[in-house]
Amino acid sequence: MAVTSIVVVVAGASVGDFWDVIFKVPSHRNLVNITNQSALIFLAALAAAIGFRMNLFNIGIEGQYTLAAYTAALVAGQAWFPGKVNILVALLVAMAVGAAWAGIAGVLKVTRGVSEVISTIMLNAIAGTVVGYLLSNHGQQYGQGRRTTPIPESSQLAGWTPWKESDGAIWTLVILAVLAGVTISFLINRTRFGFDLRATGTNEDAAVVSGVEVKKMVVISMLISGAIAGLIWMPALFGGADYYGPPFQRTLGFTGIAVALLGRNRPLGIFFGAVLFAWLSEQANPLALVADISPSIVQITQGVVVLAVVVAYEVVRRWTAAYEQRELKAALDREAVSA
Amino acid sequence: TDNKNDKTGSTANADVCKTAKGNGPKVGLAYDVGGRGDQSFNDSAYAGLKKAVGDLKATCVEGEATDGEAESARESRLKDMADAGMNPIIGVGFAYSDAVNAVAPNYPDISFGVIDGFDPDQTANKNVAYLGFAENEGSYLVGVAAALKSKAGHIGFVGGVHNDLIKKFEAGYVAGAKATKPDIKVDVKYIQESDLKGFGDPAGGQEAATAEFDNGADVVYHASGASGSGVFDAAVSAGDGKWAIGVDSDQYLTASDAQKPHILTSMLKRVDVATYDMIKSVADGSPLTSYQTYDLKKDGVGYAKSGGFVDDIASKIDEAATKIKSGEIKVPDKP
Amino acid sequence: MVVRDILKQFPGVVANHDVNITIRPGTVHALIGENGAGKSTLMKILYGVQRPDGGTIEVDGKQVRFSSPTDAIKAGIGMVFQHFMLADNLTVLENVVLGAEKLHGIGDEARAEITRISDAFGFGLDPDELVEDLGVGQRQRVEILKVLYRGAQIIILDEPTAVLVPQEVDALFANLRELRASGRTILFISHKLDEVLAIADDITVMRRGETVGEADPKTATKKQLAELMVGSELPSPETGESTVTDQVLLTLDDVGLVDERGRALLKNISFEIHRGEILGIAGVEGNGQEELVETIMGMRKGTGRITLDGKDIDSWDTRERREAGVAFIPADRHRHGLLLDFPLWENRILGHQTKEPSSNGFLITRKAAKESAEQIVADYDVRTPSINTNARALSGGNQQKFIVGREMSSDPSLLIASHPTRGVDVGAQAAIWDHIKRARREGLAVLLISADLDELIGLSDTIEVILRGEIVGTFDPQTVTPQDLGAAMTGGHSTEEGGAR
Amino acid sequence: MTTTVAAPAPAPDREANHTGSKARTYFLIGLAVLFSLAAVRVITGVHEVDSQGSLRAAIVATCPILLAALGGLWSERSGVVNIGLEGQMLLGTWGGAFFTYYYGPWVGLLGAIGFGVLGGLLHGLATVTFGVDHIVSGVALNLIAVGLTTFLAEAFFADLDSQFGHGGAQQLTGLQKPTVITIPGVSDAATSLADKHWFAISDVAALVAAVTNRISVVTILVFVLVFATGWILWRTRFGLRLRSCGENPEAAESLGINVIRHKYAAVLVSGGLAGLGGGYLALVSSPGFHTNQSNGRGYIGLAAMIFGNWRPGGALIGSGLFGYTDSLRLRDPATIHAMLLFVGFWLLLFAAWRIYKARRTQGIVLGVFGLLFLLWFAVTDEVPRDFTSMTPYVTTLLVLAFASQRLRMPKADGKIYRKGTVD
Ligand SMILES: Nc1ncnc2c1ncn2[C@@H]1O[C@H](COP(=O)(O)OP(=O)(O)OP(=O)(O)O)[C@@H](O)[C@H]1O
Ligand SMILES: Nc1ncnc2c1ncn2[C@@H]1O[C@H](COP(=O)(O)OP(=O)(O)OP(=O)(O)O)[C@@H](O)[C@H]1O
Ligand SMILES: [Mg+2]
Ligand SMILES: [Mg+2]
C-alpha cells in the first residue's frame with residue numbers, strides 16, 4: 001500500500017483520491033463485472049495452480065486458453081448440434097484443445113527433458129500466431145477485423161440479472177468456475193491422485209520411492225491444467241461475446257499465474273486473489289475518470305501485492321516453524337520432567 | 001515549439017478537461033489502449049476535443065482502455081460517462097464498436113460516436129455515428145508523391161499488422177504509385193501477421209524498412225503506428241535521398257531533427273476533424289448518425305506539406321486528389 | 001585447542017552436552033563414538049558451521065567465537081566433512097582453490113601446487129577433471145587435498161576413511177603422520193577402533209552427546225574402547241533362534257545395472273531371501289547398496305531377473321512392487337521417507353497410497369488413515385504432540401520410528417531396511433530391532449543394509465558383503481567377527497577366505 | 001588389517017586439456033555452417049540469406065536477446081533463476097530513454113543498467129533474503145515492471161519535447177544515439193567483395209562488411225561482454241566463487257565464501273545486463289523508448305541461455321539463431337524458404353551422424369524430418385507468411401527437443417538457499 005501511495009505521489013496525483021476510488025463501494029454494475037471477471041481469473045489461476053502444486057511451471061495458460069477459446073468458438077459457431085448440446089460440445093472441445101496444447105509441453109518434458117517454462121513460452125507465441133493465421137484466412141469479415149461465425153441464438157445463455165437489466169448479467173457459465181474449483185479442490189485434497197500430485201510437488205524423491213510415476217504425473221497434470229485453461233473464456237463466450245474476434249480478452253493467462261501465486265495455489269486463496277484482482281481492474285476505469293490517475297497503477301499494485309504477500313508468507317512460515325519447534329521442545333521437556 | 005504542440009496536441013499536460021468550464025456540450029472521450037499522448041490516433045481525437053472546448057465551450061471527461069481489458073470494462077467506461085451526463089460520447093477506435101452497440105440502446109437520448117467503428121449487428125442504432133475514413137484515398141495521394149519522388153523506380157511499404165485496415169492503406173498507396181509510374185516496383189512488408197504488437201515495435205519497423213532501402217527502394221511509406229519511428233530512422237541510416245512517409249498525423253512535426261530531412265510527407269487521417277464534427281453536430285442539435293465516411297471530399301484524409309519537400313510536385317498530387325473527389329479515379333480498398 | 005562444556009540442542013535432541021576435550025598441538029587426536037553420538041555436531045561447531053548453545057572454545061590459549069567457517073579458516077582450522085562438500089560441475093582445481101584463491105591464484109600456479117600435493121601423497125588427481133567424473137575414493141582425496149592446500153594448522157577429518165580402500169587408508173595415515181611431523185594438529189573421527197589405535201596419540205570417547213572418557217592408545221585395548229563407546233546399556237541385537245523357513249520369497253538372479261555412462265554399478269548379483277530370514281548386506285558406503293535397493297524397489301531398471309514370491313517382477317513398477325507387499329525403510333529419511341511439510345497422518349499415507357487404510361483406491365480415507373497414524377504413534381512410541389504436527393518438527397529418531405511403524409503396519413512380506421537405526425538413540429534402536437525381530441518371527445523376509453556391523457551381525461541370518469557392486473563374500477553371523485567383515489568389505493580378504501556357511 | 005589385495009582406483013585417463021580440440025571443433029562446425037549457407041545461397045539465388053544487410057539486421061536483433069541471455073547466465077550460474085529478465089529489460093528501456101534525454105546516450109546506457117540493477121535488487125531481496133520461490137518473484141517483478149514503466153512514461157515523458165527528444169505518454173523518440181563507427185577501407189572492400197556473390201568468399205566478406213560498416217559501439221560492447229562474462233565467470237576468483245554458489249552453496253559456505261553476497265552480486269549484474277538489453281532496444285535497435293518495448297525478448301533470452309547450456313558461447317549461438325531467424329522474416333520472406341533447404345541438409349547430416357553412432361531410431365527420426373524439409377522446399381515456392389513469424393519459436397522448440405538432454409544446468413539452480421544448513 002505504501003509503495004503504491006509513493007508511486008501515486010511521484011505521479012503528482014492525489015493519494016486520497018486514489019484510495020477513495022479503490023475502496024469505493026462498487027455499484028451494481030461493477031459488482032456484476034467483478035463477479036464475471038473473478039470467474040475468468042479464478043479459472044486461469046486454478047489452471048496455473050494445478051501445475052504449481054507439483055512444481056510444474058505452466059506459463060502457457062495464455063496460449064492454451066487462446067487456442068481453446070478460438071476452437072470452441074469455431075465449433076460452436078458451426079452449430080453442428082442443437083442448442084445446449086452445442087454448448088456442451090464446445091466446452092469439451094475447449095478442454096480437449098487446452099489439454100492437448102499443454103500436453104505438448106508435458107510430453108516434451110518427460111521424453112526430451114525440455115523445461116516446461118521455456119516450451120510453454122514458445123507455445124504461447126505459436127498459439128497466438130496460429131489463431132491469427134486461421135482467423136485472418138478463414139474468419140468472417142468483421143469491421144476492420146475478423147471473427148468466427150457467431151454462435152446460434154439457441155446456444156447463447158442469458159445469464160442471471162440480479163439488478164436492472166442495464167447493470168448487466170452474471171454469466172451462466174460462471175458456474176463453471178465454481179464447479180472447477182470444487183472439483184479440483186476435491187481432486188487435490190481428497191483423492192489418491194491429488195495426494196500423489198502434492199507429494200511429487202513437495203518431495204519428488206520421496207514420491208518416487210512411494211511408487212508415484214513422476215513422468216506420468218507430469219503429463220497428466222499438464223493435461224488437467226490445460227483442460228481447465230481451456231475453460232477460461234467459456235463463460236464470456238456463451239455469456240455475450242458470442243464469437244471469437246477483436247473483443248477477446250487477452251492476458252488472462254498471465255493474470256492467472258499471478259493470482260495462483262498470490263493464493264498459494266489453494267482454491268480458496270485463489271478465490272480471494274481473483275476477487276481482489278477483478279476488483280482492482282474494475283476500479284481502473286473510475287481511476288482515470290474521477291481521479292485522473294493512469295490505470296497502469298493498478299498493474300503496479302497487483303505486482304506489489306503478489307510480492308508482498310509471498311514475502312509475508314515466507315516470514316510467517318519461518319516464524320511458525322520456529323514456534324512449532326519451541327512448542328515441541330516445551331512439550332517434550334514437560335514430559336521429561338513428569339517422567 | 002508552442003505552435004507545433006498546438007497542431008499535434010501532443011502536449012498532454014495542458015489537459016483541457018481539467019480547466020474547461022464552458023456551457024457547451026459535455027463530451028465523454030474514451031481512448032483506446034495508450035490513451036492521450038500516443039502521438040497518433042488518440043492524440044488526434046484529443047486535438048478535435050480541444051478545438052471543441054475552444055470553439056464550442058465544451059466540457060469533457062476522458063477514459064482510457066488498458067491492455068487486455070475485458071469487454072465489460074469498455075462498456076463500463078461508456079456507461080460511467082453516460083451516467084455522468086456526457087453527450088456526445090466518443091469511443092476512439094474500432095475496438096469500441098461492440099461496446100457502443102451494447103450500451104447505446106440503454107441511453108437513447110445520448111449520441112455516441114465510434115472512430116473507425118461499425119455496427120456489429122443487423123439492428124441499426126439510431127443514436128450512433130460510425131466515423132470512418134477513406135484511408136485508401138489518402139494513401140493514393142502519398143503513393144503518387146512516392147512515385148514522383150522515387151529516382152530508383154522502386155518504393156516500399158511497411159504495415160504494422162497484416163489486417164484488413166492496413167491492407168486498405170497498402171491498396172491505395174500501390175494504386176497511386178502504379179497510376180503514376182506503371183512499371184514502378186513496390187516492396188510490401190508487414191511487421192506482424194496478426195499480433196497487434198506490430199504497431200508498437202519500432203525495432204521491427206526499422207528492420208523492415210532497412211530491408212527495403214537495402215533492396216533498392218528510396219521511398220518507404222509506413223502504416224504501423226508507433227513502429228513508424230523505426231521506419232524514419234531507417235531512412236536516416238539509409239542516407240541522403242532516401243525518404244519516409246508518415247501516417248495519420250503530420251509526422252514531420254513530431255520527428256527528431258535528424259529525421260525531419262527524410263520525411264517526405266504524411267498521409268493525414270483527420271480524426272480530429274471527425275471528433276470535432278461529432279461534437280459540433282450535437283451542439284448544433286442535429287447529431288450525426290449512421291456511417292460517416294471522412295474521405296478526400298470531406299477533408300477527412302489528405303497529405304502534409306511540412307518541410308516543403310513535396311512543394312514541387314504538389315500540383316500533380318492535387319490533380320489526383322481532384323480526380324478522386326470527382327469520382328474519375330476509383331481507389332481500390334483491397335490490394 | 002581446548003573445548004569446554006559445549007552444549008548444543010536440536011529440537012528434541014541434545015546433540016552435545018558437557019563436551020570437554022583438550023587437544024595437544026602436533027598430535028593426532030581421535031574422537032570415537034557410536035552413530036549419533038554427536039561427533040559431527042561437535043566438529044561443525046569447531047568449524048563455525050553451527051553455533052554452540054553454551055560452552056567455550058580456545059585455540060592457542062585465546063578464546064575464540066566462530067560465527068562462520070570463515071572465522072575458523074582464519075584461525076587455521078580446516079575440515080573434511082563426513083558428506084562430500086564438492087561442486088560436481090567444477091573441476092578438481094576449482095573445487096580445491098575455491099575460497100583460497102589468494103594462495104596461488106586460480107591458474108597454473110595453483111595447478112602446479114595441486115599436482116605437487118597430489119603427487120606427494122600419491123592421490124593421482126588430475127586438476128582439470130570434473131569432480132562429477134570421479135569415483136568416491138577420488139572425491140575423498142579431493143576433500144583432503146582441499147584442506148592440505150590451505151595449509152591449515154588444525155585439520156578436522158570426519159570419518160575420512162569410511163569410503164577408502166585399505167591401501168588408501170594406509171596412504172592417508174602416512175600423510176597424517178607426515179602432517180603431524182610438520183607440526184600440524186589433526187582431529188580424526190571414526191568408529192573403527194583399529195584405525196584409531198593405529199594412528200592416534202590421544203583418544204576421546206563420546207557417547208550420547210557427551211565426552212565420557214579418554215584413553216591412551218598405547219595402553220588401551222579395543223575391548224575397553226568399545227565398552228566406553230557403547231556404555232553398559234547397549235541392547236543386544238541378538239536374534240535368538242533362527243526362524244528361517246524354506247519358502248523362498250525374493251530371488252535375485254544375475255542382476256546388473258549400468259549408469260548412463262555405461263559404468264557398472266551392480267554386477268552379477270544373485271541371492272535368495274526366505275520367509276523369516278534376515279539377509280544382511282555389509283559394505284563400505286557407496287559400493288552399490290543404494291543402487292541394489294533401488295533396483296529391487298523398481299526405481300531403476302537393471303538386467304537379470306528378480307522374482308518375488310515366485311512371480312517375475314522385472315516389468316513391475318515401484319507401485320506394483322509395493323502393492324505386492326514390499327516395505328521400505330530408506331537410508332535418507334528426509335529425502336526418501338517423508339514429506340516434511342505434511343502432517344504425520346498424511347505421511348502415514350506415503351508409500352501406501354493405494355491400500356487401506358490410506359485410501360479406497362480412488363479417495364483418500366482420512367479417518368482410517370488418521371486412526372492408523374494414531375496407532376503407529378502409540379505402538380512405536382513416537383514422541384509428538386499430535387498426528388497433525390508436521391513431520392519436520394519431529395526429532396530424527398522419532399521420525400525414524402514413525403517410518404518403521406508405517407512400513408511394518410502394512411503387513412509386508414518383504415522389508416527392505418536401509419540403515420534402519422541410523423541417528424536414532426539407543427532406546428529407539430532397541431525398539432526398532434525388536435519390531436524387526438518380531439516381524440521376522442511372523443515370517444517376514446528382510447533385506448538389511450547397515451553400516452553398523454554389530455547390528456548386522458546381531459540381526460542377520462546371513463550376511464553378504466558387497467564391494468564395487470559385486471557380492472564378494474557370504475558369511476554366517478554366528479561365526480563371523482566384525483574384523484572379518486571389515487576386511488572383506490574393503491577387499492582385504494579374498495572371497496574364498498571369506499568362508500562360506 | 002590386511003591391506004594388500006585391492007588395487008587403487010584407476011588413475012584418470014582423460015585428456016588433460018580439452019580447450020585445443022574444442023576450439024578446433026568449433027572452427028570446423030563454423031566452417032561447415034559457412035559452406036552450407038553459401039551453397040544454399042548459390043543454389044537458391046536468394047542472396048539475402050547472408051547479405052551484409054541481413055547480417056547487420058541479425059546482429060541488431062540478436063544483441064538485446066543476447067544481453068538478456070547473459071543476464072540469465074549470471075544469475076543462474078549463482079543458483080538464482082531469473083524469469084524477471086523481461087521486467088528488468090523493460091525497466092532498462094525506460095531508464096535508458098530517461099537518462100539519454102537529460103544527459104546523453106552514455107549516461108543513458110548507465111541509466112538503463114541502473115534501472116535493470118534496481119529490478120535485480122528487488123529479485124535478490126525476494127529470492128535471496130526472503131527465500132521466496134524464484135519463479136514467483138520473477139513473475140511478480142515482470143508484472144510490476146510493466147505497470148511501472150507505463151506509469152513512469154506517462155508521468156515523465158508526456159511533456160518532453162526539445163531537440164533532445166520528443167515525448168509522448170507512451171514513447172520518447174528522437175533520442176541521441178550512441179556512437180556509430182565505420183572502418184572505411186575494410187568496409188568498402190568487403191562490401192564490394194560481398195556484392196560479387198562468389199561462393200563462400202562473398203559470404204565471409206558480407207560478414208566482415210556487416211561488422212565494419214555503421215556498427216554501433218554498443219554492439220561491440222555487447223560482444224565484449226560475452227567474452228567478459230566468460231572470462232570473469234571462468235577465469236577469475238570471483239567467478240569461481242559465484243559458480244560454486246550455483247553448484248553447491250553449502251560447499252561454498254563451508255569454505256568461507258559469503259554465498260549471499262555472491263548471489264546478490266550475480267543477480268544485480270544479471271539485472272544490469274538485462275537493463276542494458278533494454279537500453280540497447282531503446283537506443284540502438286529503435287529510435288527511442290516505447291511502452292512494452294521488450295515484447296517478450298527477456299523470455300527469449302532465457303530460452304537462448306538454456307539452449308546455450310548455461311554458457312556464454314552457447315547463449316551467443318542461441319540468441320544469434322533467434323535473432324537471425326526473426327530478422328530474416330522481415331528482411332525477405334524468400335530467405336525462409338531457402339532456409340528449408342539448409343535445415344533439411346543439416347538434419348540429414350545429423351541423422352547420418354546419429355546412425356553412425358548407433359543411435360538408429362533417433363537418426364531415422366531426424367532423417368525423416370530432414371527429408372520432409374527438403375520435400376517442402378522442393379514442392380513450394382514460399383512459406384506462408386504467418387508461418388514465417390513462428391519460425392524463431394518453432395526453431396527454438398525443435399532444437400531444445402533435440403538437444404535438451406545434453407544440457408546441464410547448475411545443480412543448485414532455483415533452489416532456495418538458507419545460510420547455515422551445511423551438514
Ligand atoms: N541439524 C540437525 N537438526 C536436528 N538434529 C540434528 C541435526 N544435526 C544432528 N542432529 C542430531 O544430533 C545427534 C548427533 O548427530 P551427529 O551428526 O553429531 O552424530 P555423529 O556422532 O556424527 O554420528 P555418525 O557417526 O552417524 O556421523 C543425532 O541424534 C542427530 O540426529
Ligand atoms: N591464505 C588463505 N588461506 C586460507 N583461506 C584464505 C586465505 N586468504 C583468504 N582466505 C579466505 O578466503 C575468504 C575470502 O577472503 P577475502 O579476505 O578475500 O574476503 P573478502 O575480499 O573480504 O570477501 P570476498 O570473499 O567476498 O571476496 C575468507 O574466508 C578468507 O578467510
Ligand atoms: Mg446495432
Ligand atoms: Mg557424523
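In what follows, chains are A, B, ... by sequence order, proteins preceding strands, each numbered from 1. Note: hydrogens, waters and symmetry copies are ignored here, and every other heavy atom, side chains too, is used. Note that this is a predicted model, so its numbers are computed, not measured.
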Within residues 215-234 of chain B, contacts to chain D at heavy-atom distances under 4.5 Å involve Ala226(B), Ser229(B), Gly230(B), Asp233(B)
Which bit of Gln171(D) is near chain B, if near means a heavy-atom gap under 4.5 Å: side chain, backbone, both or neither?
side chain
Using modelled atom types and a 3.5 Å cut-off, is there a donor and acceptor pairing between side-chain atoms of Arg329(D) and backbone atoms of Ile191(B)?
yes
Would you compute the distance between atom CG of Asp214(B) and atom CG of Asp332(D) and round it to the nearest 0.5 angstrom?
11.5 Å
Top of Ser327(D), Ala282(D), Ser389(D), Ala61(D) for chain B proximity - count of heavy-atom pairs under 4.5 angstrom:
Ser327(D)
Looking at Phe164(D), I'd like to know if its CZ atom is crowded, meaning that more than 12 non-hydrogen atoms belonging to other residues, nucleotides or ligands lie closer than 6.0 Å.
no
Contacting region of Arg331(D) [heavy-atom separation from chain B under 4.5 Å]:
both
For the student: nearest non-hydrogen atoms of Leu330(D) and Glu207(B), plus distance:
CD1-OE1, 3.7 Å
Contact part of Glu154(D) toward chain B, heavy-atom cut-off under 4.5 Å: side chain, backbone, both or neither?
side chain
When every non-hydrogen atom of Ala203(B) is compared with those of Arg297(D), the smallest separation belongs to CB-NH2, 4.1 Å
For Pro202(B) versus Gln293(D), what's the shortest heavy-atom pair and its separation?
CG-NE2, 4.3 Å
What heavy-atom pair brings Gln206(B) and Pro287(D) nearest, and what distance separates the two atoms?
OE1-CD, 4.0 Å
Distance col, row Asp201(B):CG vs Leu281(D):CG, nearest 0.5 angstrom, shows 8.0 Å
To the nearest 0.5 Å, tell me how far Gln259(B) CD sits from Thr173(D) OG1.
6.0 Å
Would you compute the distance between atom OG of Ser237(B) and atom NZ of Lys177(D) and round it to the nearest 0.5 angstrom?
6.0 Å
Looking at Gly200(B), Ala258(B), Ala208(B), which has the largest count of heavy-atom pairs under 4.5 Å with chain D?
Gly200(B)
